[in-house]
Q: 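Pasting a structure below so you can have a look.
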Amino acid sequence: MQQTPHINPTGPIANTVLMPGDPLRAKFIAETFLDDARQFNQVRGMLGYTGTYQGVQVSVMGSGMGIPSISLYAHELIHVYGVKNIIRVGSCGALQEDLDLYDVVVAASASTDSHFITQYDLPGTWAPTASWDLLEGVYAQSRKAEVPIRVGNILSSDVFYNFDETVNARWAKMGVLAVEMESAGLYAVAAQAGARALGVFTVSDNLVTDQHTSASERQSAFTKMIELTLPVAAK
Ligand code: ADE
């Protein structure tokens with residue numbers, strides 16, 4: 001199979017790819033939730049696996065952190081390997097007081113402080129938006145599994161350690177639920193290519209109440225999110 005600067009596939013890549021930020025999370029998801037998982041990428045340690053879930057082929061691959069990283073992997077997966085659906089599964093920092101640690105947030109839209117979207121040279125402000133098909137699938141799954149989710153606008157930020165401490169509150173005032181660092185770039189790459197994308201997150205920190213999770217607690221909370229997304233990935 002064709003090689004790209006960042007992917008050298010040693011096996012098939014499915015139409016749908018789940019993308020956690022951490023490549024070791026990709027390994028964990030593949031080994032825990034997929035049948036017959038085989039590694040297909042290890043370039044730069046960005047591990048990717050393909051296996052089956054309920055008999056349907058699904059891939060899972062790390063995205064790295066930030067819009068530059070996820071956007072280059074999404075571009076290569078979609079344009080070179082024909083991937084149709086990418087579901088980011090990650091963590092987020094809550095910007096609203098009423099979001100608890102481990103709550104699941106789904107990004108219907110992703111505001112951003114990144115300049116990534118200026119490359120499309122649009123005569124206005126393009127709104128990074130999730131694929132309705134994927135969003136509706138996760139929502140249906142959440143009802144079925146009786147796992148509540150919060151659906152809304154999130155912030156994909158280039159900045160983890162803010163110099164200006166007032167910025168989070170300003171986004172929160174506009175109703176933004178949480179902050180992460182990738183989805184707006186993923187939504188743009190997918191939209192431009194006619195592919196589908198969605199971001200699903202577990203709240204790992206609440207930046208209003210200053211609550212934080214531990215690494216071991218995050219692992220089990222993560223499972224809840226994977227169980228909501230894998231049935232959609234395998235559709
Ligand atoms: N992901 C989890 N917590 C975050 C935060 N505080 N900022 C950006 N991304 C995050």
Side-chain angles (χ1 to χ4, degrees), residues 18-29 46 60-74 86-117 128-130 138 147-190 197-226 228-229:
L18 241 57
M19 296 197 92
D22 180 352
L24 291 178
R25 269 272 151 78
K27 184 172 194 277
F28 172 79
I29 295 167
M46 201 54 84
V60 52
M61 181 176 171
S63 71
M65 285 182 283
I67 287 174
S69 186
I70 198 168
S71 64
L72 69 86
Y73 289 112
I86 297 180
I87 305 177
R88 165 165 153 67
V89 284
S91 63
C92 67
L95 298 181
Q96 303 291 338
E97 198 167 1
D98 65 351
L99 273 168
D100 291 325
L101 297 181
Y102 311 118
D103 279 357
V104 177
V105 172
V106 178
S109 52
S111 300
T112 188
D113 56 21
S114 156
H115 288 284
F116 187 81
I117 290 157
T129 307
V138 168
V147 172
I149 60 173
R150 282 282 288 274
V151 181
N153 190 9
I154 57 104
L155 170 66
S156 300
S157 179
D158 280 348
V159 185
F160 188 88
Y161 297 107
N162 282 296
F163 173 70
D164 176 351
E165 291 176 357
T166 69
V167 291
N168 283 339
R170 281 148 62 199
W171 288 105
K173 264 199 155 181
M174 290 300 286
V176 173
L177 297 175
V179 58
E180 51 85 72
M181 307 185 79
E182 292 83 16
S183 295
L186 171 64
Y187 288 4
V189 170
L198 181 67
V200 182
F201 320 97
T202 302
V203 173
S204 61
D205 314 274
N206 189 308
L207 305 182
V208 185
T209 60
D210 203 24
Q211 289 174 293
H212 306 277
T213 55
S214 70
S216 62
E217 289 167 332
R218 278 202 289 276
Q219 192 77 325
S220 59
F222 196 74
T223 299
K224 182 166 78 170
M225 176 171 67
I226 300 304
L228 289 182
T229 49

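Atoms within each ligand, like the ligands themselves, are counted from 1 in listed order. Just so you know, residue 1 is the first one in the sequence shown, and it goes up from there.
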Q: Which pairs, with at least one residue in residues 172-187 and sequence neighbours excluded, count as a side-chain hydrogen bond (donor to acceptor under 3.5 Å, both in side chains)?
A: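 Qualifying pairs, neighbours excluded: R88-E180, R88-E182, S156-E180, E180-S183.
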Q: Compare every heavy atom of L99 with every heavy atom of V105, then report the nearest pair and how far apart it is.
A: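 That would be CG2-CD2, 4.0 Å.
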Q: Give me the pairs of N or O atoms, one from ligand 1 and one from the protein, that sit under 3.5 Å apart.
A:
{"unit_1": "ligand 1", "atom_1": "3 (N)", "unit_2": "G93", "atom_2": "N", "d": "3.4"}
{"unit_1": "ligand 1", "atom_1": "3 (N)", "unit_2": "D205", "atom_2": "OD2", "d": "2.9"}

Q: Which heavy atom of E97 sits nearest a heavy atom of T209, and at what distance?
A: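 Closest heavy-atom pair between E97 and T209: CG-CG2, 3.7 Å.
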Q: Is D22 reaching over with its side chain to a backbone N or O of G62, donor-acceptor style, under 3.5 angstrom?
A: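 Looks like no, no N/O pair under 3.5 Å.
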Q: Do D164 and R170 have side chains that approach each other closer than 4.5 Å (heavy atoms only, starting at C-beta)?
A: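 The answer is yes, as the side chains (C-beta and beyond) meet within the 4.5 Å cut-off.
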Q: NZ of K224: more than 12 outside heavy atoms within 6.0 angstrom?
A: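 Yes, because the 6.0 Å sphere around NZ of K224 holds more than 12 heavy atoms from other groups.
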